[in-house]
Amino acid sequence: MKLIARIKHLATQYHADTVAQRRHLHAHPELSFQEHETARYIQSELQKIGVPFQSGIADNGVVALIEGKQPATACIALRADFDALPITEANNVPYKSRNEGVMHACGHDAHTANLLAVTRILYELRHEWQGTVKCIFQPAEEKIPGGASLMIKEGVLENPRPSAIFGQHVHPPLPAGKVGFRAGLAMASADEIHLRVIGKGGHAAGPREFIDPILIASNIIVALQQIVSRRADPTLPTVLSFGKIESVGGYNNVIPDEVHIEGTFRAMNEAWRFEAHEKIRQLAQSIAAGMDGRCEVEILVGYPFLFNNEALTARTKAAALEFLGAENVVDIPLRMGAEDFAYYSHQTDACFYRLGIRNEARGIISNIHTATFDIDEEALHTGVGLMAYLALKELEQEVQNIS
């Protein structure tokens, strides 16, 4: 039986188990850096397979190492994340979250169940391929500094070092059965902007007696938009958005002492990213000072931009065409969302692609990070088979390069 046929057969054979694993994970979500039970569940499932693994990397991270023939010949890595979000689930399904206020609203349950099945397939076929596959089960994708950065610091990309890493993410715009690719710049960096605007409160009827932090904050928010419209390179997408502004106290006729502002800065160039940080600081502080107030600026540096290696992505897309057919492989646009898989892409050749999960006939149309998010679980059949095939095709390529 050809490799594609064997992998498809095994993905079908294990599909019910994969769905059960995904549903268990979905019903028991845990927030970033708190995924202790999830990590234990992953370990128990790996023990059932019989594959060796290492746990406790960046606290909850787990890495399974699958060695084929001549394991030192080549190594590639596969990654899945497994933290959830602080969202109360609104779906009425048997596997609805049992942890109030916590939900797998970004598909990390699917990512993890997918990689568990891929691990099972590759381990079963280990006598038929050369090299090593490192399966990285990663915590804390959703929260700075990101589990990827912590696992890298603890050596997840060493001993052995993979020449390439793959990540797969659910994608609600795409119907189940399809996958999407983008080479080069794929996702933005993401930093948190926190501004504390300080004035002097008082009675709203006496403007000469107070320093209005609300007025100062309004001027700052409007003025900072010129950093994007007048300072950014128009060929490199940039986003500066503010999602929260609140006064500390205040009333319709009471001017508060402080206003707090929270926002996000997204970019596709590291030099410009940090240059913009300084411009944000300088402009916010100078505007506040010019209006007799102060502005304290805190910028939490988040994930870098995500870069898909062009040659690796071209090979990966070609393999996906072989496995799924041309009608199920599409190109996707650049996204200003962020993902901590980007850290891996700055360390080794990487390909981060999208797995369609949409099923309009069944009403599965909600976007990620929403209370009604769900997936068409037939997508797991596609995702499992494809990732296993991509891993073995890339190992084959690496072995050929060496020989």
Side-chain angles (χ1 to χ4, degrees), residues 1-15 17-18 21 42 45-54 62-80 111-138 156-168 179 181 309 311-325 329 344 348-353 355 380-403:
M1 187 184 294
K2 289 185 177 180
L3 180 62
I4 287 179
R6 288 210 64 190
I7 289 176
K8 286 185 175 180
H9 172 75
L10 290 172
T12 300
Q13 180 179 333
Y14 299 147
H15 181 65
D17 290 342
T18 306
Q21 290 168 333
I42 292 167
E45 293 302 298
L46 292 174
Q47 287 171 342
K48 292 177 185 177
I49 298 169
V51 64
F53 63 86
Q54 180 183 356
V62 181
V63 177
L65 207 61
I66 312 170
E67 295 185 339
K69 297 180 296 182
Q70 298 178 292
T73 308
C75 177
I76 63 100
L78 308 174
R79 174 271 202 170
H111 302 168
T112 299
N114 185 97
L115 187 53
L116 283 170
V118 171
T119 303
R120 187 176 182 181
I121 290 172
L122 295 179
Y123 190 65
E124 183 164 330
L125 299 177
R126 66 191 182 281
H127 301 301
E128 301 180 29
W129 49 270
Q130 289 188 49
T132 297
V133 178
K134 182 176 284 191
C135 298
I136 301 171
F137 295 88
Q138 179 211 300
V156 75
L157 296 181
E158 306 299 333
N159 302 316
R161 181 170 181 81
S163 58
I165 186 168
F166 296 91
Q168 179 177 261
V179 293
F181 293 90
N309 179 271
L312 175 63
T313 303
R315 292 195 301 272
T316 303
K317 183 180 176 182
L321 288 167
E322 293 174 3
F323 193 81
L324 298 175
V329 180
Y344 301 114
T348 190
D349 291 350
C351 180
F352 191 71
Y353 60 95
L355 176 69
L380 294 170
H381 186 265
T382 302
V384 168
L386 178 62
M387 182 173 269
Y389 185 65
L390 295 180
L392 296 189
K393 286 289 286 185
E394 185 59 24
L395 276 180
E396 182 182 2
Q397 178 69 40
E398 291 297 322
V399 171
Q400 288 177 359
N401 290 342
I402 293 171
S403 60

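This structure is a prediction, so every number in the text was calculated from the model and none was measured. Index from 1, following the sequence.
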Side-chain (Thr18) to main-chain (Ala113) donor-acceptor, under 3.5 angstrom: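 Side chain of Thr18 to backbone of Ala113: no pair is present.
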Identify the two heavy atoms, one from [X] and one from [Y], that lie closest to each other, and give their separation to 0.1 Å.
| X | Y | result |
| --- | --- | --- |
| Ala388 | Leu122 | O-CD2, 3.8 Å |
| Ala11 | Ile121 | N-CD1, 3.8 Å |
| Val51 | Leu65 | CG2-O, 3.7 Å |
| Asn309 | Asp349 | ND2-OD1, 3.3 Å |
| Ala350 | Leu312 | C-CD2, 3.5 Å |
| Ala320 | Leu390 | N-CD2, 4.2 Å |

Is there a side-chain contact between [X] and [Y] (heavy atoms, below 4.5 Å)?
| X | Y | answer |
| --- | --- | --- |
| His15 | Leu380 | yes |
| Phe137 | Thr119 | yes |
| Trp129 | Ile66 | yes |
| Val118 | Cys135 | no |
| Arg315 | Lys393 | no |
| Tyr389 | Lys8 | no |
| His111 | Leu355 | no |
| Lys317 | Tyr353 | no |

Would you give the length of the straight line joining atom [atom1] of [X] to atom [atom2] of [Y], rounded to the nearest 0.5 angstrom?
| X | Y | atom1 | atom2 | value |
| --- | --- | --- | --- | --- |
| Leu324 | Ile4 | CG | CD1 | 9.0 Å |
| Leu395 | Lys69 | CG | NZ | 12.0 Å |
| Leu78 | Glu394 | CG | CD | 10.5 Å |
| Gln168 | Asn114 | CD | CG | 4.5 Å |
| Leu116 | Glu45 | CG | CD | 6.5 Å |
| Leu386 | Phe323 | CG | CZ | 6.5 Å |

Test side-chain contact (heavy atoms from CB on, under 4.5 Å) applied to Phe53 and Ile42, step by step: CA-CA 10 Å; Phe53 63 86; Ile42 292 167; over 6 Å; no
Listed partners of Glu128 passing side chain to side chain contact (heavy atoms under 4.5 Å, CB included), at least two apart: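 For Glu128, the residues satisfying side chain to side chain contact (heavy atoms under 4.5 Å, CB included) (neighbours in sequence not counted) are Arg6, Leu125.
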Salt bridge (Lys or Arg N to Asp or Glu O under 4.0 Å) pairs, two or more places apart, involving residues 114-124: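 The answer is Asp17-Arg120.
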Considering only distance and modelled atom types, tabulate donor-acceptor pairs under 3.5 Å from the side chains of residues 156-166, sequence neighbours left out.
{"residue": "Glu158", "atom": "OE2", "partner": "Arg161", "partner atom": "NH1", "Å": "2.8"}
{"residue": "Arg161", "atom": "NH1", "partner": "Leu157", "partner atom": "O", "Å": "3.4"}
{"residue": "Arg161", "atom": "NH2", "partner": "Gln347", "partner atom": "O", "Å": "2.5"}
{"residue": "Ser163", "atom": "OG", "partner": "Cys75", "partner atom": "O", "Å": "3.3"}
{"residue": "Ser163", "atom": "OG", "partner": "Glu398", "partner atom": "OE1", "Å": "3.4"}

Test side-chain contact (heavy atoms from CB on, under 4.5 Å) applied to Val63 and Lys134, step by step: CA-CA 7 Å; Val63 177; Lys134 182 176 284 191; 3.5 Å; yes
